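Working notes for the structure below.
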There are 2 protein chains.
Amino acid sequence: METTNPTAPNRAVTLRDVARLAGVSVATASKALNGQPQVRAETRARVVRAAEQLSFSPNTLAQGLITQRSGTVGLLTSDLEGRFSIPILMGAEDAFGSDQTSVFLCDARGDAIREKHHLRALLSRRVDGLIVVGARPDTRPSLGRDLPVPVVYAYSPSDDPADLSLVTDNVGGGRMAVDHLIRCGRRRIAHITGDPGYGAAQDRARGALGRLSEENLELAGGEVWFGMWSEAWGRGATRMLLERCPDVDAIFAGSDEIARGVLDVLHEERIDVPSQVAVIGFDNWTILAANARPPLTTVDLNLEQLGRIAAQRLSAAMDGTPGSGVETIPGRLVTRESTAPLR
Amino acid sequence: METTNPTAPNRAVTLRDVARLAGVSVATASKALNGQPQVRAETRARVVRAAEQLSFSPNTLAQGLITQRSGTVGLLTSDLEGRFSIPILMGAEDAFGSDQTSVFLCDARGDAIREKHHLRALLSRRVDGLIVVGARPDTRPSLGRDLPVPVVYAYSPSDDPADLSLVTDNVGGGRMAVDHLIRCGRRRIAHITGDPGYGAAQDRARGALGRLSEENLELAGGEVWFGMWSEAWGRGATRMLLERCPDVDAIFAGSDEIARGVLDVLHEERIDVPSQVAVIGFDNWTILAANARPPLTTVDLNLEQLGRIAAQRLSAAMDGTPGSGVETIPGRLVTRESTAPLR
DNA sequence: CGGGCGGCCGAAAAGGTTTTCAGAAACGTA
DNA sequence: TACGTTTCTGAAAACCTTTTCGGCCGCCCG
């Protein structure tokens with residue numbers, strides 16, 4: 001059975017075809033379809049009907065050529081594998097998806113040459129704006145000031161303060177984690193985290209220490225346990241910690257992976273979570289956090305929201321209201337069962 | 001300090017500017033830059049130099065308008081969150097990224113209406129082709145036969161056999177897993193897997209049973225343990241399994257999540273992996289598999305390669321060689337430490 | 001020396017749309 | 001009736017590039 005699909009313009013049908021069918025000129029057809037006022041209602045209706053009948057959809061390339069606006073933006077990510085770029089990308093795609101702009105996805109694989117290549121291609125396609133999503137929350141080189149379109153940096157801030165960058169709040173996240181543990185009545189709080197070469201590790205630790213000192217508390221175990229972003233390190237560090245400081249009553253892990261290792265060892269040692277020791281993670285990597293035993297309280301950096309805001313800021317810049325500097329997006333606490341008030 | 005608004009500078013430099021600087025006509029400039037033969041070497045050099053000097057990049061919209069090829073493809077995914085669409089998307093982006101086509105990313109969030117909306121937008125942008133990436137390996141409705149551009153379905157096959165679909169090999173993967181266990185000398189093999197409502201669960205089980213019957217082996221535990229795609233189910237099922245069938249020497253888990261639960265209980269029960277019981281997972285979800293204790297042998301469905309092949313097939317179709325039917329992409333075994341020969 | 005030919009270049013059309021501006025039609029006013 | 005005004009429509013330019021085709025020039029051959 002032949003059904004003509006109304007959403008499928010079969011052969012490129014142009015405005016000229018619509019105009020001919022409606023018995024008007026292309027100029028009038030254009031105005032009718034775009035809601036311009038200088039066209040009689042009756043005429044407009046005729047044009048609209050013709051357009052529907054032919055299932056006309058305007059050639060965006062031609063529109064872009066004349067309006068000098070392609071209605072597209074480029075999403076330049078340096079690391080699609082990285083789990084951090086994906087939610088940001090989702091948020092951005094989501095924020096644009098609703099209105100009439102489409103998104104070009106480019107993955108530079110962390111390679112500066114490839115990035116230049118993609119940048120060139122995107123400019124050649126006359127994108128109206130760019131979002132640059134980094135793989136690590138550390139500073140990255142700016143694309144430069146003389147680009148013909150506005151740029152927003154997400155996750156990795158640009159090294160040029162004249163650019164607009166959006167970053168996660170690692171300091172605030174660390175503070176938030178410790179604050180939660182304190183509110184649960186914990187006083188002997190340890191911090192096990194990842195590679196000290198990551199700014200994120202340093203920032204989270206800084207936030208944690210800041211909140212502790214407000215309460216005149218010291219870190220249980222005497223210091224921050226830097227190491228690696230892995231379960232194995234979480235296990236090893238926990239064993240050492242328990243030896244040095246057996247009366248610890250809360251552990252703030254610098255990532256959910258590390259937290260999984262922590263939980264694992266506590267389980268082995270028959271130390272109950274959360275009644276004896278509370279554990280809090282970081283990142284809210286659902287697959288790890290929600291499936292942990294017990295499910296893991298953790299800090300969510302709101303990456304998706306970061307992506308959405310990046311899209312909004314870019315839209316504003318494209319409309320002539322550019323921003324600059326570094327904007328920090330707050331995180332939020334996700335409470336599960338690995339933390340609870342004492343007693 | 002006041003800096004000039006970064007959105008203000010570079011007015012788009014056109015071919016006309018290049019031509020003027022080189023002292024030729026736009027026609028000649030075009031031919032010179034595109035390697036057309038009817039232009040003297042000296043003239044060509046002059047044009048190229050001018051283009052570089054102005055850092056000219058051709059307006060792709062105008063090119064697309066005249067060549068009737070936009071040099072873009074649409075990537076229509078139904079579920080960006082899902083971990084399966086991401087690698088496919090990466091592979092596709094990668095395969096295109098090298099040459100001169102750019103990729104529009106659209107996430108329909110599993111909503112048919114949004115999908116129609118995006119489809120319309122993409123066609124309006126005159127994409128040269130479409131890749132539709134599903135969220136589940138089950139059949140999905142075709143976009144229809146009367147689209148003006150070729151389409152390739154990835155992961156979720158289309159319900160129209162005239163379309164070209166690429167899918168993962170779940171049957172082969174199940175067979176591969178069991179084959180590996182048999183080669184390790186295991187004879188009492190159990191299978192714990194996820195939701196029986198998923199075709200993937202059924203297919204993997206079918207492959208496993210097929211390989212077992214070739215060896216005249218029965219499934220340890222007597223049946224396939226269907227349940228949920230979670231660690232908790234992996235734990236629960238393993239406990240029941242050990243009770244009913246204490247002499248099991250290998251467990252094939254239907255996903256890495258489930259495998260993590262399996263490992264967890266075996267560890268609790270002081271049953272050594274792999275010397276006493278071998279464990280194999282499925283999906284090669286690195287964060288789970290590589291960090292397990294011991295690191296998990298698992299089946300990788302080669303999703304990234306699936307994406308790459310989808311891109312290749314689409315390119316072929318755009319060049320006039322369309323395909324149809326369902327093409328199955330084989331998986332591969334990733335050997336880690338949770339399996340080993342007996343003795 | 002004239003005609004033919006090959007090499008090189010430019011004018012112009014085409015692609016599909018938006019926008020400006022002039023003109024036509026209808027209507028009201030003097 | 002003549003004229004101004006309002007309302008609507010269409011011709012044409014513009015956006016930027018590619019491609020076709022005709023023209024110019026110098027050269028070779030007869």
Side-chain angles (χ1 to χ4, degrees), chain A residues 9-48 50-51 54-72 100 120-121 123-128 148, chain B residues 10-48 50-51 54-72 100 121 123-128 148:
Chain A
N10 225 348
R11 209 53 207 142
V13 32
T14 77
L15 192 57
R16 172 187 258 99
D17 302 323
V18 175
R20 184 160 35 216
L21 179 58
V24 298
S25 73
V26 285
T28 308
S30 171
K31 281 178 281 200
L33 292 177
N34 293 336
Q36 297 280 354
Q38 335 99 307
V39 55
R40 207 170 16 151
E42 194 270 333
T43 310
R44 183 188 310 278
R46 225 169 52 238
V47 173
V48 168
L54 300 176
S55 70
F56 165 77
S57 74
N59 185 325
T60 322
L61 277 59
Q63 286 181 320
L65 194 54
I66 187 158
T67 61
Q68 305 285 49
R69 272 223 172 193
S70 64
T72 60
Q100 66 290 16
R120 210 182 163 73
L123 292 179
S124 196
R125 295 200 180 280
R126 297 299 187 267
V127 292
D128 298 330
Chain B
N10 283 359
R11 217 194 64 70
V13 32
T14 78
L15 192 57
R16 172 188 258 97
D17 303 322
V18 175
R20 186 158 34 216
L21 179 57
V24 298
S25 72
V26 285
T28 308
S30 170
K31 280 177 283 197
L33 293 177
N34 293 335
Q36 297 280 354
Q38 332 100 310
V39 53
R40 206 174 14 156
E42 194 271 333
T43 311
R44 183 189 310 277
R46 226 167 53 234
V47 173
V48 168
L54 299 176
S55 68
F56 166 77
S57 72
N59 186 325
T60 322
L61 277 62
Q63 286 181 322
L65 194 55
I66 188 160
T67 62
Q68 303 286 48
R69 272 223 171 191
S70 65
T72 60
Q100 65 289 18
L123 292 178
S124 193
R125 293 197 182 281
R126 298 299 187 265
V127 291
D128 298 329

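So you know, we letter chains A, B, ... as the sequences are listed, proteins then strands, and number each from 1. This structure is a prediction, so every number in the text was calculated from the model and none was measured.
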>> Between A/Gln36 and B/Leu65, which residue's closest nucleotide on DNA chain C lies nearer the 5′ terminus?
In response: B/Leu65
> Under 4.0 Å between a side-chain N or O of A/Thr14 and OP1 or OP2 of C/dG16?
Replying inline: no
> What integer distance in Å separates A/Ile66:CD1 from C/dT19:P?
Replying inline: 7 Å
> Can you check the A/Arg20 CZ to D/dA11 P distance for me, whole Å?
Replying inline: 13 Å
>> Given 3.5 Å as the limit, does a donor-acceptor pair link the side chain of A/Asn34 with the main chain of A/Gln36, or not?
In response: no
> Starting at the 5' end of DNA chain C and moving along, which residue's nearest nucleotide shows up first, A/Thr60 or B/Lys31?
Replying inline: B/Lys31
> For B/Ser57, does its backbone N or O pair with a side-chain atom of A/Ser124 as donor and acceptor, under 3.5 Å?
Replying inline: no
> Taking for each residue the nucleotide of DNA chain D with the nearest heavy atom, is it A/Glu42 or A/Ala62 whose nucleotide lies nearer the 5' end?
Replying inline: A/Glu42
> What integer distance in Å separates A/Gln68:CD from C/dT17:P?
Replying inline: 17 Å
> To the nearest angstrom, how far is A/Arg40 atom CZ from D/dG10 atom P?
Replying inline: 10 Å
>> Counting only side-chain nitrogens and oxygens, does B/Thr43 get under 4.0 Å of the OP1 or OP2 atom of C/dC9?
In response: yes
> Just how far, in rounded Å, is C1' of C/dT17 from CG of A/Asn34?
Replying inline: 9 Å
>> Can you measure A/Leu33 atom CG to C/dT17 atom C1' for me and round it to whole angstrom units?
In response: 11 Å
> Are A/Ser25 and D/dG10 close enough that a side-chain N or O sits under 4.0 Å from OP1 or OP2?
Replying inline: yes
>> To the nearest 0.5 Å, what is the distance between CZ on B/Arg20 and OG1 on B/Thr14?
In response: 7.5 Å
> How far apart are the closest heavy atoms of B/Val127 and B/Ser70, and which atoms are they?
Replying inline: CA-OG, 3.7 Å
>> Using a 4.0 Å heavy-atom cut-off, does B/Gln63 contact any base of the nucleic acid, only the sugar-phosphate backbone, or nothing at all?
In response: sugar-phosphate
> B/Thr67 side chain N/O closer than 4.0 Å to the phosphate oxygens (OP1, OP2) of D/dT18?
Replying inline: no
>> Let me confirm one number: the CD1-CG distance from B/Ile66 to A/Leu65, rounded to the nearest 0.5 Å.
In response: 11.0 Å
>> What is the separation between atom CG on A/Leu15 and atom P on C/dG15, rounded to the nearest whole Å?
In response: 14 Å
>> In this structure, how many angstroms lie between the C1' atom of C/dG15 and the CG atom of A/Leu61, rounded?
In response: 10 Å
